[in-house]
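Values below: all heavy atoms of this structure, side chains included; hydrogens, waters and symmetry mates excluded.
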Amino acid sequence: MVKVQIIGLNKDRERVVKKLHELGVLHVEDLTKRVPSELLEKGLEVGKPDEKAGEISELLVKVKGFLANLPKVYDEGDIEKRIEIKKSDFENLIPTTSSFLQQVENEVTPLLKRLEELNEEQKRLEEFETNLKKKMKELLSLARKIERRKRLRKRKDEKLKELVSHLRQELQSLLSVIEEKFEERDFDIKKLSKKVKKKLRSLKNEKKKILKELESLARKYSKKLHKIRILLEIEYQRALIVSKFGVTKRLFLVEGWIPAKFYETTVDELKKVAEIEVIKLDIKNKEDVPVMLDNPQPIKEYETTLKLIGLPKYGDFDPTIFLFFTFPIFYGMMLGDWGYGLIILMAGLYFWKKNVWGLGRLSKLIILPAIWSIIFGFLFGEFFGNLGMELFHWKPLWEDRIESITHLLVFTSLIGVAHLSTGLLIGFIQCLKHRENKHAMEKLGVLGILIGGTIYVLIMMGQLPQSLQFVGLGLLGVGIVVTIVATKGLGFLEIFGIGGNVLSYTRLLAIGVASAGTALATNEMAKTFSSMLGTPGILVAIVVGVGFHFINLLLGILSPTIHGLRLHYVEFFGKFFEGGGKEYRPFKMEIKKYKS
Amino acid sequence: MVSQAGWIAIGSGLAIGLSAIATAIAEAAIGSAAVASFTEKEELFGKALILTVIPETILIIGFVVSILQIFMLAGGGE
């Protein structure tokens, strides 16, 4: 990263901003947050957003409003992919857009208004219809009450009078409502409801017609509207970025970061469009430098998994490559079933190619782990658990996971030792680079404990010759002393810590055995059903088998992923990774197709 | 009477079962805090997920102990 200051004349500002946006490499620092006082004294001010910004955002709101209100006739993602932006599209963008939007407004807005009116009218009528029914029921029950009262033939019946007058009032008010709404004095309930129905029908027909017209308008305009939206958004970004600049009456100043490999070309390109001065600044504080991960494809894809816990500090080691190499291997070792692996591989490829549920990018990451699962599946001889072994007598190429569990326990611990040693070595080199000698010593000490301890344990288990005992104990002893000296005593905790770290790698076996065990239990259940119940039993067996294998498969995607990542994040990264890097976010146009 | 193999089975069952309960208690507390934090700030999802599975190590160690009991003790006892 190179820290630069670009100074130019205000009259060239628009062109420079445009070029910067097209180049898309400058991470702009917000100068307004810390304009140096000396510059303030010289008359530098905080930049204001371009005066065009207000106009653009108004147009943008309108465009988005139309896009939201017009019926969706195209797949929006599809349209966006196909839109091609040309440099010439930006010429006279605001005036042409204004007149175009006026035209759209003239055609669309009356229709939208009418549609809204119709909707409201429909709602009112429907409400009236239900209210009328309710009212009629009420009135009828009132009339019945009066009838009953009359039959009593009391001489001075105050209650009856009251009821009659109430009924009269209600009828009056109902009639006046009807008169107002339908201009009709007759009170024929059947006629009335027919009328309401007829009105509703014509309403709906009109609505249909309007919607059709709107659809044809959407077909006519929505592509252009989408394109205009993208253009306006780009213009808006360009207008807003100025608020991060410093300005004087005649000059503007922008500060930011450019990756070293783009520095020369960027300056050349900028100098082509305007007379500017570019000053390289010294990097005072490494914490300020934005971090750009720079990995070739396909390793680059795995940067997503690193960003889950944060970016490394500027200049530190980028461990993405391990997430690309060892994470899939760990995943494969845990799942270790080539039946499951094949299904995950196919599903991953399908989800990736078709971008199902927007999981395209994520599914790309599962492909490599799936391939390793297939490889380990053959090594462990697992095809849907022991199904391959039961039905076709497929033998493992290496070892059966459940039978040689103790053997594999040692093996996975050794993988842990190797992985952790790599982490410690990286940490050691990194500390040397930063001239943190004490920390470097500590890493080396812990490495000694790890290797020495491992050798000693292997000798105790009879895996290594007794003659190596001296080497093992020596390394262990020196490691402990170095660690304690480097950390002033606290380091003895590392001895237990590193042991726990190694044991943690046995999850490579444990998760796998759990999954293999579930598969085995499923197969056994299915076998029992099919042998017990005859022909219907086979059906039950199939349902049970498929169901449980499916659940196990889902767990087999989730669990090894989490644990594989965890082994990297917690145990491995813990040895060297600090995190907390600031992401490099260049001022850049986010469009697929651009022609200059 | 419980045979020697029976005791070993009970022992290793306890080893993995109790550590599973311990893991569950720890993960329940961490998990609810993790969900609360990443609903407030979505970019914490990764860290929250990792923190949630940290106590799983207890279970893994329980598993290792249980396996060692079965294979080593049973192997030595017979």
message: For B:Val64, run the side-chain contact (heavy atoms from CB on, under 4.5 Å) check against A:Leu509, A:Thr412, A:Thr506 and tell me which one passes.
response: A:Thr506
- request: Measure the CG-CD1 distance between A:Leu408 and B:Ile67 for me, rounded to the nearest 0.5 Å.
  value: 11.0 Å
task: Evaluate the side-chain contact (heavy atoms from CB on, under 4.5 Å) criterion for residues A:Ile562 and B:Glu56: first the C-alpha distance (whole Å), next the side-chain angles of each, then the deciding distance (0.1 Å), finally the verdict.
output: CA-CA 11 Å; A:Ile562 293 177; B:Glu56 217 118 308; over 6 Å; no
- prompt: CD1/B:Ile60 to NE2/A:His563 distance, rounded to the nearest 0.5 angstrom?
  reply: 6.0 Å
field: Considering all heavy atoms, the nearest A:Arg566-B:Val53 contact
entry: NH1-O, 3.3 Å
task: Give a yes or no on whether A:Lys364 atom NZ has more than 12 heavy-atom contacts from other residues, nucleotides or ligands under 6.0 Å away.
output: yes
- request: Inspect the surroundings of CH2 in B:Trp7 and state if more than 12 heavy atoms from other residues, nucleotides or ligands are less than 6.0 Å away.
  value: no
task: Please check if atom CZ in A:Phe548 has more than 12 non-hydrogen atoms from other residues, nucleotides or ligands closer than 6.0 Å.
output: no
- prompt: Does atom NZ of A:Lys588 have more than 12 heavy-atom neighbours, drawn from other residues, nucleotides or ligands, at distances under 6.0 Å?
  reply: no
- prompt: Do A:Leu409 and B:Leu68 have side-chain heavy atoms sitting under 4.5 Å apart?
  reply: yes
Heavy-atom contact with chain B under 4.5 Å, split by part of A:Leu503: both
statement: OH (A:Tyr505) and OG1 (B:Thr57) are apart, to the nearest 0.5 Å, by 11.0 Å
statement: Cut-off 4.5 Å, heavy atoms of chain A, and the answer for B:Ile54 is both
message: Are there over 12 heavy-atom neighbours, none belonging to A:Ile551, within less than 6.0 Å of that residue's CD1?
response: yes
